[in-house]
Protein chains: 2
Amino acid sequence: DMAVRHYTLDFNLSTAVDSATAVSGLLSIFHEQELTETIHDTDGHGYLATFVGKNGRFVVLRVHSHGLVTVDLQCYEEDDIAQLDNVRECTALSFSLKLPALLRGAKVDRYWPTADGRLIEYDIDKVVYEENSDYQNIKILHSQQYGNILVLDGDINLAESDFPYTQAITGNGKENYAGKEVLILGGGDGGILAELVKQKPKMITMVEISFPELVIDGCKKYMRKTCGDILDNLKGDCYQILIQDCVPLLKKYVQEGRTFDYVINDLTAVPISTSPEEDSTWEFLRLILDLSIQVLHPSGKYFTQGNSANLTEALNLFEEQLGKLSCPVDFRKEVVCVPSYLEQYPFYQVLYL
Amino acid sequence: DMAVRHYTLDFNLSTAVDSATAVSGLLSIFHEQELTETIHDTDGHGYLATFVGKNGRFVVLRVHSHGLVTVDLQCYEEDDIAQLDNVRECTALSFSLKLPALLRGAKVDRYWPTADGRLIEYDIDKVVYEENSDYQNIKILHSQQYGNILVLDGDINLAESDFPYTQAITGNGKENYAGKEVLILGGGDGGILAELVKQKPKMITMVEISFPELVIDGCKKYMRKTCGDILDNLKGDCYQILIQDCVPLLKKYVQEGRTFDYVINDLTAVPISTSPEEDSTWEFLRLILDLSIQVLHPSGKYFTQGNSANLTEALNLFEEQLGKLSCPVDFRKEVVCVPSYLEQYPFYQVLYL
C-alpha cells in the first residue's frame, strides 16, 4: 500500500511577522534537501516553483500576487518527513502546520463527504465486507469510535454507534408499540426491527428489496451491535421480513384496505436534487409517501428521515410534497445528532390532519 | 478574498477500466486548455508533469510507478472551472470527482481538525467575535447548522447546538440540583450555569479565570442560545460568578473545610500529551482534581469531560490519575455525541468510594 501523504501549508504575507524570511527560509530548506527546482512562468500570477527530490518527494511553492503563500509537500506514506519539521520551524512565526495531511491512494478510503458536500476524514481502518447487488454497492467499514459502518453506494448509512438514528425514526421513545401493527420499508440493517420487537408489537412487517439479501447478510454478520440476532431468522413471533420490492406490496395492501398503526420509511434520504418534477428519486419518494399514507390507520403515524439540515432547499421541497398528498397531513420535524453522520439531521413524523 | 480551490482526483491504473485512455485523455484536455507543460525527472519514481494555464490555473499530473494516478488542479475561487467537467467526463469510467475541493487561503477558516487529528471541514461562514486575552485566543464563529461556535486557542469548545454537552457534564438529567451547593470551575460560556439555575439550587459558585472577561463578554453577546441572559449579571438569586483563578480559591475552600454537593470541572479536556509526569497540563489537571475532591461533600459528585474517544492512551492515563488521589474514588464514564465535535466524547462522573 504505497499511499501518498499530501501536506498543505498556507499563510499570508500580509499577516506574516517576517514574510521575506519565511519564503527565503522555505527556499533554502528545499535547496538543502537537494530538491531540483523548476521556476514556472505564471503570466503575471505570482511566483510558482516546483521541487522534485529523492524518494519521489515533490513540493510546490506558490506566492500569489495578493500575498497568499501556499506550499504543497507530497511524499510516500512511509518516507521520513524530517524536512517537514524544518519547514514548520522556519515558518513558526507566521503559521503552523495545521491541516492534517491528505492520505491519497490508500487501500481503505478515509474520506466520506457529508451530504452537504464538506470534506470529512473518518477514522476508518478496515473494509470488513464488500458486495455488489443488482441495486447497489454495499460496504461495511470499521471505525474505532463508531464501530462498523454500513455504506450503500458511497453514502454513510448507519454505524453501530447510531442508536440515536433508530430512536429518532421510531419516535424518540415517545411511542408505545405494544400490540401495534407496524410496517418498515427498507431497514435492512435490522436496527429498527431489533428495537421494536422488544416492545411486543402485534406484528411487524419489514420489506427489504435487497436481493440477493446482501445488505441483510452483511449486517447480520458485521452489524450485530445494531441488529442483535433479529436478522438470523426472516420470521419470528411478532415479525416477518419480506425480501421484495415494497411498491407492489404497498399497492396490494391499498387494494385490500389493510392499514398499519405505524409506517416507518427507512428506504432513502430526501433527494439532494432540487428538481422534484424531473428527478426519478423524487418521483419514487412521492409514490412511496402516497402509498404509505394510504395504508396508514387514521390515528397512525408515519416516520421518516430527512437529510442534512444544511440542505434547506431539498427539505423545503420535501415539506411541499407533504402538502400535495391525496389526503391532508400534518408533520413535525426534529433535528437529531446521529453520531457517525457528522452533520445535523432532521427526522419527520407525519400524521392525518 | 482570493482564495484558491484545490481539487484532488485520484485513481488506480490497475482498477481503471481503460487506464491508458484515462491518462492520455487527461493530457489532451490539459493541452486543449492551452496549459504549458513541464515534464519533471523523478529519478525512477514515475511520471510527473506540471501544467500552468491562464488565470493562474495550475495542474499536477502524476502517475506513480505502482499504478496510483494523482491529479491536482488549483484555480482561483471565482475562476470558471469548466475544465473540471471535462476531466470528470474523460475519466468517468475509472473514478469520480469525489473529494470536495480544499479552499485555501480563505478569510474564514473552515478546517478545524478533531482532537484525534482528522481533517474536518465545517460549514463556517463568518467570524462573529475575536479577541486575545492574556490566556488565550477567543473566537466565535458562525455555522449554519451548529449556530455560533466558541473556539478557544483553535479548539472547538462549544456550539449553540451543543446542549448534549451541558447535559452530559451535569449528569444527563439524572441529578437533582434543587437546594444543592454547586461549584463550577470554568464554564465561561454560561451553558451549565443557565441550565442549573433553572433547578433552584441553594447556591452555584462559578469561577472563571478569563480576565479581562472576554470569554464571558463574547458569549453573552453571541452565544445566547447557550447562556440565555444568565451572564448579563455576575450575581443572581442563587448564583455568583467569580472572575479569578480557581486554584487559590479551591485552596481557601479546603482550608475553611467548605464542601459542595457538586463540583463541575469545565476547565479543560484531558490533555492529549501522554507524558503525565512532565507535562504541565497534566500537573494542572492533577492539582485541580485533588483540590476538587477535597471540597467535595462525602456524598457529592464530581463531573468532568474526557476527550476524543479515540485518544485511548490519554483517557487511560486520566483514569490512572483517578486512582492516585489523596482519597479513594470510583468513577463512571459515558460516551456522548456532542453535535459540533464530530467525534465521540466520554464524560466522567467521580464519587467517593
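All chains are named by letter (A, B, ...) in the order of the sequence lines, taking the proteins before the strands, and each is independently numbered beginning at 1.
Once rounded to the nearest 0.5 Å, the distance linking CZ of A:R62 with CZ of B:R104 reads 10.0 Å. If you take CZ on B:F58 and CG on A:D72, they are separated by 8.0 Å, rounding to the nearest 0.5 Å. A distance of 7.5 Å separates CD in A:E343 from OH in B:Y146, rounded to the nearest 0.5 Å. Remark: B:L102 CG to A:D10 CG distance equals 8.5 Å, nearest 0.5 Å.
Residue contact with chain B, scored on non-hydrogen atoms closer than 4.5 Å, is absent for A:Y341. Looking at B:V336, there are no atoms closer than 4.5 Å to chain A (heavy atoms on both sides), in backbone or side chain. For B:S308, no part lies under 4.5 angstrom from a heavy atom of chain A. For a residue to count as touching a neighbouring chain, one of its non-hydrogen atoms must lie under 4.5 Å from one of that chain's; by this rule A:N310 touches chain B with backbone and side chain alike. For B:T70, the parts sitting under 4.5 Å from any heavy atom of chain A are the backbone and the side chain alike. No part of A:T114 comes within reach of chain B, as not one of its non-hydrogen atoms sits under 4.5 angstrom from that chain. For chain B, the nearby part of A:D41 is the backbone; its heavy atoms alone come within less than 4.5 Å. With a threshold of 4.5 angstrom between heavy atoms, B:L68 approaches chain A through side-chain atoms but not through N, CA, C or O. For A:V335, no part lies near chain B; criterion is any non-hydrogen pair under 4.5 Å.
Side-chain atoms of B:Y76 and A:H45 form no donor-acceptor pair, as typed in the model, at a separation below 3.5 Å.
Considering only heavy-atom pairs separated by less than 4.5 Å from chain B, the leading option among A:T42, A:D123, A:V338 is A:D123.
Of all heavy-atom pairs spanning A:P100 and B:P113, the tightest one is CD-CG, 3.5 Å.
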Fill in: Steps toward side-chain contact (heavy atoms from CB on, under 4.5 Å) verdict (A:H40, B:T50)
CA-CA 9 Å; A:H40 301 262; B:T50 53; 3.0 Å; yes
